[in-house]
Amino acid sequence: MTEIAFFPLSAVLVPYGRMPLQIFEQRYLDLVKSSMRSGEGFGMLRIERGVEVGSARLPELANIGTVASIVDWDQLDNGLLGVTVEGGQRFRPGEFWRENNGLIRGEVDLLPPLEPAAMIDAWEPMRTVLQGLEAHPHVQRIGMPLDMSDAWQVAYSLVQLLPLEEDLKVELLSLTVIEELMRELDLLLNALSGES
């Protein structure tokens, strides 16, 4: 088990995905500063129930998360700190607790890193959709690296970018076989495009 700080959110970060965050609470400013200084990541977990702030009780968190690394930062027009994080290794959370400053820390079981998987012809529609999303201003703004030859990167980039329910993203994050993830994405893309 490894101990890390958590950044609970209502959204899900997946491996290879990128997400912009606005940082304004002191505990998270301290977390970002520490992460940037040490180069160590922190755990992004979806809040399933409860709230992260304003409650003495800990929120209920998803049973899988992603280690986030800061890849860019800037001061936003509103004066807040903006950071862009990128998803890395997946983990299963163990015991977690709230520190005196309100930051949630916990023990995690890091899952094996994803080994690159070659794209096959049957998955070509996923690559085509992702290539179409490359031109979107949001994708360009966050500078998401897209390796179109790695099936895991194609799949998780789509999971991050498509308008999917966040609880569905948690389910997809749990899949450990690329064929299963691609099969689910194929069904989802057909549903989104209105095909049966």
Side-chain angles (χ1 to χ4, degrees), residues 1-114 138-139 141-145 153 156-157 159-174:
M1 291 291 238
T2 304
E3 184 182 314
I4 60 173
F6 290 159
F7 195 120
L9 269 185
S10 58
V12 175
L13 178 68
V14 300
Y16 311 111
R18 286 193 175 182
M19 180 185 295
L21 301 172
Q22 289 189 44
I23 311 296
F24 53 90
E25 292 181 57
Q26 189 59 50
R27 62 185 145 182
Y28 294 125
L29 289 168
D30 293 343
L31 172 61
V32 165
K33 192 185 310 179
S34 170
S35 179
M36 291 175 71
R37 191 170 44 241
S38 69
E40 294 179 6
F42 47 87
M44 298 280 286
L45 278 167
R46 174 167 160 73
I47 299 173
E48 300 282 309
R49 269 191 246 8
V51 291
E52 200 279 316
V53 294
S55 171
R57 296 185 61 195
L58 287 166
E60 288 182 34
L61 302 175
N63 65 359
I64 191 166
T66 308
V67 176
S69 301
I70 298 169
V71 294
D72 195 14
W73 64 276
D74 198 6
Q75 184 165 1
L76 303 175
D77 293 339
N78 58 12
L80 299 178
L81 174 64
V83 299
T84 300
V85 293
E86 183 174 293
Q89 202 165 355
R90 297 171 303 155
F91 66 83
R92 296 278 183 189
E95 182 183 356
F96 57 96
W97 57 90
R98 195 185 299 276
E99 306 258 280
N100 290 337
N101 66 355
L103 190 68
I104 297 176
R105 291 186 70 85
E107 294 181 338
V108 300
D109 183 17
L110 294 170
L111 300 177
L114 297 168
H138 170 72
V139 178
R141 192 168 44 251
I142 60 177
M144 212 159 125
Q153 288 199 43
Y156 273 132
S157 296
V159 170
Q160 192 71 63
L161 296 172
L162 290 173
L164 305 175
E165 295 291 329
E166 298 299 321
D167 56 349
L168 177 55
K169 289 184 181 185
V170 171
E171 288 178 33
L172 297 174
L173 186 59
S174 299

So, for [X] and [Y], which heavy atoms are closest and what is the spacing to 0.1 Å?
{"X": "V67", "Y": "G41", "result": "CG1-CA, 4.1 Å"}
{"X": "M144", "Y": "G17", "result": "CE-CA, 4.1 Å"}
{"X": "R27", "Y": "G102", "result": "NH1-O, 2.6 Å"}
{"X": "R92", "Y": "I64", "result": "NH1-CB, 3.7 Å"}
{"X": "S35", "Y": "E40", "result": "OG-O, 2.5 Å"}

Backbone N or O of [Y] within a donor-acceptor pair of the [X] side chain at under 3.5 Å?
{"X": "R105", "Y": "F96", "answer": "no"}
{"X": "E166", "Y": "A11", "answer": "no"}
{"X": "S38", "Y": "S34", "answer": "yes"}
{"X": "R90", "Y": "T66", "answer": "no"}
{"X": "K169", "Y": "Q160", "answer": "yes"}

Quiz item: With a 4.0 Å cut-off, would you call E86 and R18 a salt bridge?
Solution: yes
Looking at side-chain heavy atoms only, is the closest gap between [X] and [Y] below 4.5 Å?
{"X": "I23", "Y": "L21", "answer": "yes"}
{"X": "M19", "Y": "L9", "answer": "yes"}
{"X": "I47", "Y": "P8", "answer": "yes"}
{"X": "P20", "Y": "V83", "answer": "no"}
{"X": "I70", "Y": "T84", "answer": "no"}
{"X": "L173", "Y": "V159", "answer": "no"}
{"X": "P93", "Y": "L45", "answer": "yes"}
{"X": "V85", "Y": "V71", "answer": "no"}

Exercise. Verify side-chain contact (heavy atoms from CB on, under 4.5 Å) between L114 and Y156, making sure each step is shown before the conclusion.
Key: CA-CA 11 Å; L114 297 168; Y156 273 132; 3.7 Å; yes
Exercise. Might you confirm whether atom CD of E3 has over 12 heavy atoms from other residues, nucleotides or ligands at distances under 6.0 Å?
Key: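 Yes, the 6.0 Å shell around CD holds more than 12 heavy atoms from other groups.
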Quiz item: Would one find more than 12 heavy atoms of other residues, nucleotides or ligands at under 6.0 Å from atom CH2 of W73?
Solution: no
Quiz prompt | CD-CG distance between E171 and N63, expressed to the nearest 0.5 angstrom | solution = 10.0 Å
Quiz item: How many angstroms lie between atom CZ of R46 and atom CG of L61, to the nearest 0.5 angstrom?
Solution: 11.0 Å
Exercise. Mind running side-chain contact (heavy atoms from CB on, under 4.5 Å) on L111 and Q89 for me, showing each step along the way?
Key: CA-CA 7 Å; L111 300 177; Q89 202 165 355; 5.6 Å; no
Quiz item: Between D109 and F91, does a side-chain contact (heavy atoms from CB on, under 4.5 Å) hold up when you go through it step by step?
Solution: CA-CA 5 Å; D109 183 17; F91 66 83; over 6 Å; no
Quiz item: For the rings on F7 and Y28, is their centre-to-centre separation under 6.0 Å?
Solution: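 Judged by ring-centre distance (under 6.0 Å), F7 and Y28 do meet the cut-off.
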Self-check item: Pair E99-W97, side chain to side chain donor-acceptor pair (under 3.5 Å): steps then yes or no
Solution: CA-CA 7 Å; E99 306 258 280; W97 57 90; 3.0 Å; yes
Exercise. Check the pair V12 / L172 against side-chain contact (heavy atoms from CB on, under 4.5 Å), numbers first and verdict last.
Key: CA-CA 11 Å; V12 175; L172 297 174; over 6 Å; no
